[in-house]
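First the proteins, then the strands, lettered A, B, ... as listed; each starts at 1. Keep in mind that what you see is a predicted model, and the values were worked out from it rather than measured. Values reported hereafter were calculated over all heavy atoms of this structure, with side chains retained and with hydrogens, waters and symmetry mates removed.
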Number of protein chains: 2
Amino acid sequence: MVTIYDVAKEAGCSPATVSKAFNNYKSISQKTYKKIMETADKLGYTPNNSARALATKKTWLIGVVLSEELHTGITHPHFSEILQSFNTRIGEYGYDIVFISKRFGNKEESYLEHCLYRGVDGVLLAVGAKFKDEIKSILESDIKCVSVEGIYPNKYTVISDNRMGSFQALEYLYFLGHRKIAHIACPLNSVAGRERYEAYREFLESRGMEFNPKYVVEAEDFTHEAGQKAALQLLQQTFDDFPTAVYVAYDDVAYVSMTTFQEKGFRIPEDISIVGFDNIKISAFTTPPLTTIEQDRMEIGKRAADLLINLIEEKEIDEPYEIRIPTKLIMRNSCSRVAE
Amino acid sequence: MVTIYDVAKEAGCSPATVSKAFNNYKSISQKTYKKIMETADKLGYTPNNSARALATKKTWLIGVVLSEELHTGITHPHFSEILQSFNTRIGEYGYDIVFISKRFGNKEESYLEHCLYRGVDGVLLAVGAKFKDEIKSILESDIKCVSVEGIYPNKYTVISDNRMGSFQALEYLYFLGHRKIAHIACPLNSVAGRERYEAYREFLESRGMEFNPKYVVEAEDFTHEAGQKAALQLLQQTFDDFPTAVYVAYDDVAYVSMTTFQEKGFRIPEDISIVGFDNIKISAFTTPPLTTIEQDRMEIGKRAADLLINLIEEKEIDEPYEIRIPTKLIMRNSCSRVAE
DNA sequence: GTGAAAGCGCTAACAG
DNA sequence: CTGTTAGCGCTTTCAC
């Protein structure tokens with residue numbers, strides 16, 4: 001391994017100068033800077049981050065905590081895209097991601113311990129409020145953090161404007177003449193689930209429509225299985241008066257609902273109109289293509305990254321703790337004007 | 001920050017002893033071990049990995065290189081599941097993952113430099129052969145690595161048995177009476193694309209069926225868009241003699257092909273039978289549910305992890321460089337006996 | 001079974 | 001503008 005000493009010796013200067021050169025101190029003359037860089041290159045020197053971290057207490061590592069338990073982790077189309085965008089952005093600033101888990105080296109360590117062990121400079125939280133207890137220790141520590149899912153007091157969170165999205169979906173359906181609008185919710189212990197559901201109720205009320213509990217079902221989790229079950233249950237609950245439209249709180253389940261309804265003999269959109277939420281990739285290719293609410297995942301990831309970096313670097317931040325990213329109605333073919 | 005010195009002082013022993021206790025040296029008496037652990041706990045001590053890494057040259061970090069460019073990264077259902085399984089497994093051994101990228105801190109650094117900077121103990125390669133050049137430096141360095149996608153001389157790779165999978169698909173179709181079997185391939189510069197295509201040709205030959213170039217189309221990349229385009233092209237190329245079945249090299253595209261065919265008036269499976277490859281989550285919920293070849297992603301991730309850890313810890317390995325994970329035919333409803 | 005001491009590669013005052 | 005020096009927190013001989 002070639003070190004700063006090797007470079008110094010070869011370049012005829014001190015290790016300190018090499019260090020300064022690599023850290024872009026302005027106090028280095030052009031000449032020596034150039035010389036140092038050249039010999040570093042020649043010798044194939046790469047700075048050693050462990051040593052640097054030990055000396056500076058900065059690892060350039062950002063912890064990411066997400067919960068595989070709820071099928072809402074790296075494998076989830078929503079979070080994986082946010083994560084990708086987040087990672088790209090922090091990469092531009094020299095940071096890397098490390099996944100924080102509870103189980104570590106066979107013993108039960110808390111998330112906090114894992115963070116401390118890795119010495120992360122900050123943390124991205126992508127877990128639902130359901131896991132409030134397990135991340136409590138990190139929330140209470142003075143590790144900088146930003147959330148893209150749960151909402152916590154005095155912490156920044158970047159999240160879609162669920163109310164806006166719900167209203168966009170519902171207003172569109174209403175505009176098409178629908179008055180019997182059902183809702184398949186995501187788990188209500190998630191922020192998305194709760195907010196979209198509440199917006200649904202708020203919308204009904206704002207239009208003077210009566211809330212009918214039979215028109216609402218909550219999916220157990222974020223899997224396709226749960227979605228199918230929910231769709232079936234909705235049909236069962238409303239067999240005496242089927243809805244003409246259903247607002248489904250996320251695309252994966254909107255999709256499964258469509259196929260489930262179709263299998264039961266309903267035509268989409270003629271018999272039932274559907275609007276989803278997420279605009280995941282496949283939604284443009286379903287039969288029929290799904291009308292849905294787009295979440296700007298690239299923006300969420302990027303904003304969260306910028307925010308976290310500013311926090312870490314102790315820059316001035318003049319944003320509210322809760323940053324809402326606007327959503328957008330994507331009209332495709334799963335909705336039609338209500339039949340007379 | 002509480003260090004080993006604090007613990008030592010409080011426990012009435014030397015830092016060296018504390019270190020030994022934490023590293024499970026057997027030369028520590030039960031009594032002092034217990035004492036140390038208790039006071040460590042009391043003081044809230046967590047080992048600092050940067051310091052440990054500096055002293056030992058071991059970071060407990062594993063680099064992961066995957067290529068977002070081909071839409072085949074963290075966002076891809078196949079790789080994200082492998083990664084999840086891999087991550088869980090290495091986590092059990094105390095390792096963590098860090099993503100290796102080319103662009104780092106604004107300057108163009110090669111993958112190798114990123115690895116060196118982070119001092120990774122090993123690398124998981126999940127990039128196609130298309131990127132051979134960019135990972136060449138890693139391959140040539142003496143960093144331990146395992147691949148789950150490309151195949152490189154003298155390197156371990158854990159990958160599905162694509163030939164087996166193709167034969168399972170094709171034999172099933174053949175058994176159902178199909179003789180006009182088309183193939184939609186993934187990009188042929190990927191291992192999966194090439195091997196499945198070659199197996200397709202081998203199968204035809206083995207059954208004395210004539211290979212007809214018109215029955216084959218190669219998708220441009222791994223997106224739904226490319227799949228749709230490929231499906232359309234297949235229809236166009238074969239308008240005078242449509243295939244009765246098509247073997248599609250991956251589920252995402254199999255799915256899009258189904259909907260595309262359906263939109264063009266073909267019934268699945270009555271007019272065209274489809275078998276895919278991957279068994280991604282959604283495949284059980286398409287209309288009709290997709291018959292496909294299952295890849296055991298959990299196993300791939302786990303095996304790759306075990307292999308890499310053994311490599312890192314210089315254990316004996318008696319496995320071939322190329323480890324093929326068996327595939328499995330999952331029969332659902334997208335295939336039927338050929339019409340007379 | 002335990003401890004003293006040197007050192008891992010780098011940074012950060014402080015001098016010069 | 002450059003160099004000296006003293007750590008950062010931990011591990012690892014080698015004595016005891």
Side-chain angles (χ1 to χ4, degrees), chain A residues 1-37 39-40 43-61 94 105 113-121 313, chain B residues 1-37 39-40 43-61 94 105 113-121 313:
Chain A
M1 164 171 268
V2 23
T3 77
I4 219 170
Y5 283 86
D6 303 320
V7 178
K9 195 191 285 180
E10 181 80 10
C13 66
S14 79
T17 310
V18 177
S19 171
K20 283 171 193 158
F22 268 90
N23 288 287
N24 293 316
Y25 277 51
K26 62 284 161 81
S27 71
I28 303 286
S29 77
Q30 267 308 125
K31 192 161 49 173
T32 55
Y33 178 83
K34 230 186 128 193
K35 178 97 190 240
I36 287 171
M37 285 319 185
T39 78
L43 266 43
Y45 167 75
T46 308
N48 176 325
N49 188 62
S50 298
R52 187 199 292 238
L54 183 57
T56 59
K57 263 125 192 50
K58 175 157 175 129
T59 56
W60 297 92
L61 233 33
E113 271 174 289
H114 198 165
C115 287
L116 261 22
Y117 172 73
R118 284 292 170 193
V120 297
D121 297 334
E313 300 181 350
Chain B
M1 164 173 267
V2 22
T3 76
I4 220 170
Y5 283 85
D6 304 321
V7 178
K9 196 192 284 181
E10 183 80 11
C13 67
S14 78
T17 310
V18 178
S19 170
K20 283 171 192 158
F22 269 89
N23 288 286
N24 292 316
Y25 277 51
K26 62 287 162 79
S27 70
I28 303 285
S29 77
Q30 267 309 124
K31 192 162 47 172
T32 54
Y33 178 85
K34 228 185 128 196
K35 178 98 190 239
I36 286 172
M37 286 318 185
T39 78
L43 267 40
Y45 167 75
T46 308
N48 176 324
N49 187 62
S50 298
R52 187 199 292 236
L54 183 57
T56 59
K57 263 127 192 49
K58 175 156 175 133
T59 56
W60 298 90
L61 233 33
E113 271 174 290
H114 198 165
C115 288
L116 260 24
Y117 172 73
R118 285 291 170 194
V120 297
D121 297 333
E313 299 181 350

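- Both Ala51(B) and Cys13(B) sit near DNA chain C, but only Cys13(B) has its closest nucleotide nearer the 5' end.
- Backbone-only contact: Thr32(B) has heavy atoms under 4.0 Å from sugar-phosphate atoms and none from a base.
- Straight-line distance from the CD1 atom of Ile28(A) to the P atom of dT2(D): 6 Å, rounded to whole Å.
- Using modelled atom types, no side-chain atom of Asn23(B) and backbone atom of Tyr25(B) make a donor-acceptor pair closer than 3.5 Å.
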When you compare the protein's N or O atoms with those of nucleotides 12-14 of chain D, which come within less than 3.5 Å of each other, and at what distance?
residue, atom, partner, partner atom, Å
dT12(D), OP2, Tyr25(B), OH, 3.0

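- The environment of Lys34(B) atom NZ is sparse: at most 12 non-hydrogen atoms of other residues, nucleotides or ligands sit within 6.0 angstrom.
- Going from atom CG of Asn48(B) over to atom P of dG7(D) covers 18 Å, rounded to whole Å.
- Atom CZ in Arg52(B) sits about 9 Å away from atom P in dC10(D), given to the nearest Å.
- Remark: Ser29(A) is in phosphate contact with dT2(D), judged by side-chain N or O atoms under 4.0 Å from OP1 or OP2.
- Within the 4.0 Å cut-off from OP1 or OP2 of dC10(D), at least one side-chain nitrogen or oxygen of Tyr45(B) is found.
- Residue order along DNA chain D, read from the 5' end via each residue's closest nucleotide, puts Gln30(A) first among Tyr5(A) and Gln30(A).
- Taking every heavy atom of both residues into account, Arg118(B) and Leu61(A) meet most closely at NH1-CD1, 3.3 Å.
- Summarising the geometry of Pro15(B) relative to Ala8(B), their closest heavy-atom pair is N-CB, 3.5 Å, with the distance given to 0.1 Å.
- Looking at every heavy atom in both residues, Val7(B) comes nearest to Ile36(B) through CG1-O, 4.0 Å.
- When all heavy atoms are compared, the tightest approach of Asp121(A) to Trp60(A) is OD2-N, 2.6 Å.
- On the nucleic acid side, DNA chain C contacts chain A at distances under 4.0 Å to non-hydrogen atoms, with the end points of that region at dG9(C) to dA13(C).
- The two residues Asn24(A) and Tyr33(A) come nearest to each other via the heavy atoms OD1-OH, 4.0 Å.
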